[in-house]
Novice: 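For reference, the structure I am asking about is given below.
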Protein chains: 2
Amino acid sequence: MTQARNLPVTMAERVFEAIQDAIVRGDIAPGAKITEPDLARQYGVSRGPLREALQRLETRHLVERIPHVGARVASLSFERLIDIYHAREALEGMACRLAASHCDEAEIASLEALLDEHAALHEVREGRGYFQKEGDLDFHYRIAHASGNAIVTQILCEDLYHLMRMYRYKFSGYRGRPHQALEEHRRIVAALKERDGDFAELLMRRHIAGARRTIEDAYRQSRGEDLSEIEENSDE
Amino acid sequence: MTQARNLPVTMAERVFEAIQDAIVRGDIAPGAKITEPDLARQYGVSRGPLREALQRLETRHLVERIPHVGARVASLSFERLIDIYHAREALEGMACRLAASHCDEAEIASLEALLDEHAALHEVREGRGYFQKEGDLDFHYRIAHASGNAIVTQILCEDLYHLMRMYRYKFSGYRGRPHQALEEHRRIVAALKERDGDFAELLMRRHIAGARRTIEDAYRQSRGEDLSEIEENSDE
DNA sequence: CGTCCCGATATTGTCGACAATAATTGAGAT
DNA sequence: ATCTCAATTATTGTCGACAATATCGGGACG
């Protein structure tokens with residue numbers, strides 16, 4: 001019952017996903033310049049499909065392009081991360097509201113099962129590793145789909161999802177509160193089950209706003225320390 | 001003090017904007033198939049830049065593409081229009097909240113001036129024509145920018161703005177309540193002036209939700225009538 | 001010594017042609 | 001007459017080459 005991954009049938013799609021993964025996991029450094037002929041050779045493809053891939057990456061905010069100048073991997077800034085959290089707060093809150101109205105029982109049961117899995121993993125690993133890393137994103141991913149809103153889902157799951165993943169790789173530092181996060185997830189699903197859209201939206205917004213504040217506090221508290229790296233432009 | 005239109009310097013951008021306009025104003029019918037060689041000849045450009053333009057239009061939901069099959073102009077459905085309104089409600093509400101926190105006095109004064117212009121036009125034309133057609137979108141466009149959030153602004157002003165314009169052209173029917181809309185705009189700006197983010201968000205959400213309900217009511221009331229045209233797939 | 005201008009180099013934007021895949025047409029069988 | 005299937009046509013995906021533009025370096029001038 002996972003996502004219906006329609007696998008890439010064209011070169012442009014394949015190289016798009018490959019480069020996206022490379023960027024998200026940091027194999028290509030944030031801010032690094034991209035030279036089309038180089039990358040084209042590297043992925044064994046012509047410049048045509050490569051340019052198409054770069055353009056898609058641009059719409060996902062993973063690369064920035066300037067006409068006649070070139071493309072470079074998006075540089076991660078604290079401000080942009082906060083921007084993403086604000087956008088998520090608004091959109092995922094709305095997604096919860098909509099999901100409460102018209103997602104079927106099976107979907108809710110599936111969400112509960114997902115959280116049970118998280119809880120099991122969580123108890124074992126005592127709050128580190130998997131859960132907050134990808135599991136959390138998976139939950140939000142599922143909520144977005146449960147909204148039944150094509151626009152909201154597309155923005156959250158295509159445009160912002162991979163950006164979040166990219167930040168996760170760089171910000172492996174402070175993503176605390178796994179107990180609290182799991183509990184908040186549970187309450188959100190409970191609100192969904194009661195078909196209380198207002199409350200579901202409220203809970204999701206508080207959940208995301210809380211995560212944002214945690215990041216903001218950690219950032220302000222550790223300026224000039226290890227987190228300052230996200231500000232620098234790591235050119236090659 | 002209008003938007004900083006960095007004019008297109010490349011063929012792909014020019015043809016992108018040209019096709020976008022053609023689609024938005026209905027010169028190319030919704031749902032119509034797009035054949036790359038034809039359009040390329042039509043706009044006096046090669047297939048390379050044309051494909052780039054089509055891809056950008058795809059990210060804005062103005063065309064839909066299927067690999068190895070082709071592209072067609074997005075067909076306007078009622079459900080998708082409602083989806084857009086829900087997304088706007090969430091995002092523009094957040095934009096208001098953010099704008100209340102950190103947009104400068106000049107920006108607010110500028111918004112008030114814009115509404116004065118609308119009021120003048122509105123008084124003259126008694127609520128028809130300009131105001132609800134483009135003026136309303138302009139206001140929301142400005143609010144988005146005032147948020148100072150790059151992500152939110154990009155989604156609202158790049159991705160959804162032109163989709164809304166497209167629907168406006170097709171739904172020239174029921175966009176009533178210009179008096180009320182202008183008044184609601186005024187209250188939103190007033191809340192911004194008082195730096196009341198909570199209230200500004202609330203007002204904007206009510207404003208957009210109200211517009212959505214007007215459309216929903218008009219649609220349900222006139223099923224099978226003139227509005228049913230938005231459901232059909234107008235192939236050529 | 002710093003700044004500005006100009007030529008060489010590299011990179012991007014655009015084009016036309018070829019290959020791969022889908023849509024279409026027509027023939028044949030039931 | 002209709003359905004199935006194969007050959008044909010048309011359209012998309014990909015490639016390599018050319019033109020236009022920006023970047024980098026050296027030299028002249030203030």
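Here the structure is a predicted model, which means the values were calculated and not measured. Quick note on labels: first sequence line is chain A, next is B, and so on, each numbered from 1.
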Novice: So what does A:G70 touch, heavy atoms closer than 4.0 Å: a base, only the sugar-phosphate, or nothing?
Specialist: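 Sugar-phosphate only.
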Novice: Distance under 4.0 Å to a non-hydrogen atom of chain A counts as contact; along DNA chain D, which nucleotides mark the start and end?
Specialist: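 Using the under 4.0 Å cut-off, the span is D:dG13 to D:dT23.
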Novice: Could you list the residues that satisfy side-chain contact (heavy atoms from CB on, under 4.5 Å) with B:A53, not counting sequence neighbours?
Specialist: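 B:A53 satisfies side-chain contact (heavy atoms from CB on, under 4.5 Å) with B:V15, B:F16 only.
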Novice: Identify, with sequence neighbours excluded, every residue that meets side-chain hydrogen bond (donor to acceptor under 3.5 Å, both in side chains) alongside B:T10.
Specialist: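 For B:T10, no residue satisfies side-chain hydrogen bond (donor to acceptor under 3.5 Å, both in side chains) once neighbours in sequence are set aside.
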Novice: Could you list the residues that satisfy side-chain contact (heavy atoms from CB on, under 4.5 Å) with A:A18, not counting sequence neighbours?
Specialist: A:Y43
Novice: Which donor-acceptor pairs under 3.5 Å do the side chains of residues 19-30 of chain A make with protein atoms, sequence neighbours left out?
Specialist:
| unit_1 | atom_1 | unit_2 | atom_2 | d |
| --- | --- | --- | --- | --- |
| A:Q20 | OE1 | A:R60 | NH1 | 2.9 |

Novice: Identify, with sequence neighbours excluded, every residue that meets side-chain hydrogen bond (donor to acceptor under 3.5 Å, both in side chains) alongside B:E36.
Specialist: B:R47, B:R51
Novice: Checking B:Q154 now: which residues fulfil side-chain contact (heavy atoms from CB on, under 4.5 Å) with it, not counting sequence neighbours?
Specialist: A:H61, B:E158, B:D159
Novice: Would you please name every residue forming a side-chain contact (heavy atoms from CB on, under 4.5 Å) with B:A109, sequence neighbours left out?
Specialist: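 In terms of side-chain contact (heavy atoms from CB on, under 4.5 Å), with neighbours along the sequence ignored, B:A109 is linked to no residue.
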Novice: With sequence neighbours left out, write down each residue that passes salt bridge (Lys or Arg N to Asp or Glu O under 4.0 Å) with B:D217, or none if nothing qualifies.
Specialist: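 Not a single residue meets the salt bridge (Lys or Arg N to Asp or Glu O under 4.0 Å) criterion with B:D217.
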Novice: Write down the atom of A:I108, the atom of A:C103, and the distance for their closest heavy-atom approach.
Specialist: CG1-SG, 3.8 Å
Novice: For DNA chain D, what residues of residues 35-45 of chain B have any heavy atom nearer than 4.0 Å?
Specialist: B:T35, B:E36, B:P37
Novice: Residues in ring pair (Phe, Tyr, Trp, His ring centres under 6.0 Å) with A:H140, at least two apart?
Specialist: A:H185, A:H207
Novice: Taking only heavy atoms on the protein side, list every residue of residues 61-68 of chain A lying under 4.0 Å from any atom of DNA chain D, sorted numerically.
Specialist: A:H68
